[in-house]
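A short worksheet on the structure shown next.
Chain letters run A, B, ... following the sequence lines, proteins first, then strands; residues in each count from 1.
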Amino acid sequence: MKFKPKKFSLDHKKLDQNFYLQPTLKVARELLGKIIVRQFNGQILAGRIVETEAYIGESDPACHAYGGMTPRNKIMYLPGGYAYVYFTYGMHYCFNVVTEKEGFPAAVLIRAVEPIEGIELMKKFRNTNNIYNLTNGPAKFCQAFKIDKSLNGTSLLGDEIFIVDSDDDIKFTIGRSQRIGISAGTDKKWRFFIRGNPFVSKVKIKSK
DNA sequence: CTCTGGATTAGCT
DNA sequence: GCTAATCCAGAGC
């Protein structure tokens, strides 16, 4: 299958804060198909979101806010519409969209996107020419989109990084599973993905 | 194809 | 001190 970037226009409507204030599972589902845009140095990177995971509240054992606020997770307590970026495994970043009302810690992890714009730059950042290996994982997506801790706490209503609606007539069905790479909270099926999309990450359920 | 271990450090206990 | 919302290379089948 040959990859053809789909049409993309910056005229598409930027998602407003009301979208992010909604229940996290709804946001996680509805982010599928939407387009995440990153601007820096006058360059544009964009991709269609094809895989997400929800992390919800202090009682979700897989959520970073499990057990209460700490210096790392405090961004999750902001009202919906902020970026929560964290560093893990000594070398990787992961990007989340904060959801729900202020004081309730919840976020949606962007696990994979389908590259649309700025593909050559993504290949450079990822040091690979294989388009299917650019953004099919949460840390790969961050590397391809030049996302690091400096974006932690950034508003998604600004211009550095934001998400726009898709007005294409793209039809897809949504798949659902347990979350990937966690050892607690595996009973919850809070991962969502576009069924059949070749840019969804490889599934490896952590066995424990 | 599948499976295993190493990389490398911030954040918590 | 231990582990992590990951990724990659290498080994074996």
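For A/Asn127, the CG atom sits in a loose shell: 12 or fewer heavy atoms of surrounding residues, nucleotides or ligands are nearer than 6.0 Å.
Ring-to-base geometry places A/Tyr55 in a stacked arrangement with C/dA5 (centre distance under 5.5 Å, plane angle under 30°).
Here the C1' atom of nucleotide C/dT6 and the CG atom of A/Asn96 are 14 Å apart, to the nearest Å. The CZ-P distance, from A/Arg72 to C/dA4, rounds to 11 Å in whole Å. For the pair A/Met76 CE and C/dA5 C1', the interatomic distance rounds to 10 Å; values are reported in whole Å. Distance A/Phe87 CZ to B/dA7 P: 15 Å, rounded to the nearest Å. As a whole-Å value, the separation of A/Lys74 NZ from B/dG11 P is 10 Å. Atoms CG (A/Leu109) and C1' (C/dA4) sit 13 Å apart, rounded to a whole Å. In this entry the distance linking CD1 of A/Ile147 with P of C/dA5 reads 18 Å, nearest Å. Rounded to whole angstrom, the span from the CZ atom of A/Arg179 across to the P atom of C/dT6 amounts to 11 Å.
The residues A/Arg179 and A/Glu53 are annotated as not salt-bridged, no charged nitrogen and carboxylate oxygen being separated by less than 4.0 angstrom.
For the pair A/Thr70 and B/dC12, the criterion of a side-chain N or O lying under 4.0 Å from OP1 or OP2 is met. In this model, the phosphate group of C/dT3 is not approached by any side-chain N or O of A/Ser183 to a distance below 4.0 Å at OP1 or OP2.
Within the nucleic acid shown, A/Lys202 has no heavy atom closer than 4.0 Å to any nucleic acid atom. Residue contacts shown for A/Met69 are absent, as no nucleic acid heavy atom lies under 4.0 Å away.
The CZ atom of A/Phe192 lies 13.5 Å from the CZ atom of A/Arg111; values are rounded to the nearest 0.5 Å. We find the CD-CZ distance between A/Glu114 and A/Phe199 to be 5.0 Å, quoted to the nearest 0.5 Å. Atom CD1 of A/Ile163 is separated from atom CG of A/Leu15 by 6.0 Å, given to the nearest 0.5 angstrom.
Pairing partner, B/dC1: C/dG12, with both Watson-Crick or wobble hydrogen-bond distances short of 3.5 Å. A 3.5 Å limit on both hydrogen-bonding distances identifies C/dT3 as the Watson-Crick or G-U partner of B/dA10.
For the 3.5 Å distance criterion, the side chains of A/Asp148 and A/Ser150 qualify, holding a donor opposite an acceptor.
No hydrogens or angles were tested; on distance alone, nothing pairs the side chain of A/Tyr89 with the base of B/dA7 as donor and acceptor under 3.5 Å.
Nucleotides B/dG6 and C/dC2 are separated by 16 Å at their P atoms, to the nearest Å. C/dT3 sits 16 Å from B/dG5 when the P atoms are compared, rounded to a whole Å.
Under the side-chain contact (heavy atoms from CB on, under 4.5 Å) criterion, A/Leu156 pairs with A/Tyr20, A/Ala83, A/Phe95, A/Val97, A/Ile161, not counting sequence neighbours. When the ring-ring contact (aromatic ring centres under 6.0 Å, His included) test is applied to A/Phe19, no partner is found at least two apart in sequence or on another chain.
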Could you list all N or O pairs between the protein and nucleotides 7-11 of chain C that sit under 3.5 Å apart?
{"unit_1": "C/dC7", "atom_1": "OP1", "unit_2": "A/Pro138", "atom_2": "N", "d": "3.3"}
{"unit_1": "C/dC7", "atom_1": "OP1", "unit_2": "A/Ala139", "atom_2": "N", "d": "3.0"}
{"unit_1": "C/dC7", "atom_1": "OP1", "unit_2": "A/Lys140", "atom_2": "N", "d": "3.1"}
{"unit_1": "C/dC7", "atom_1": "O4'", "unit_2": "A/His92", "atom_2": "NE2", "d": "3.4"}
{"unit_1": "C/dC8", "atom_1": "OP1", "unit_2": "A/Arg126", "atom_2": "NH1", "d": "3.1"}
{"unit_1": "C/dC8", "atom_1": "OP1", "unit_2": "A/Arg126", "atom_2": "NH2", "d": "2.8"}
{"unit_1": "C/dC8", "atom_1": "OP2", "unit_2": "A/Lys140", "atom_2": "NZ", "d": "3.4"}

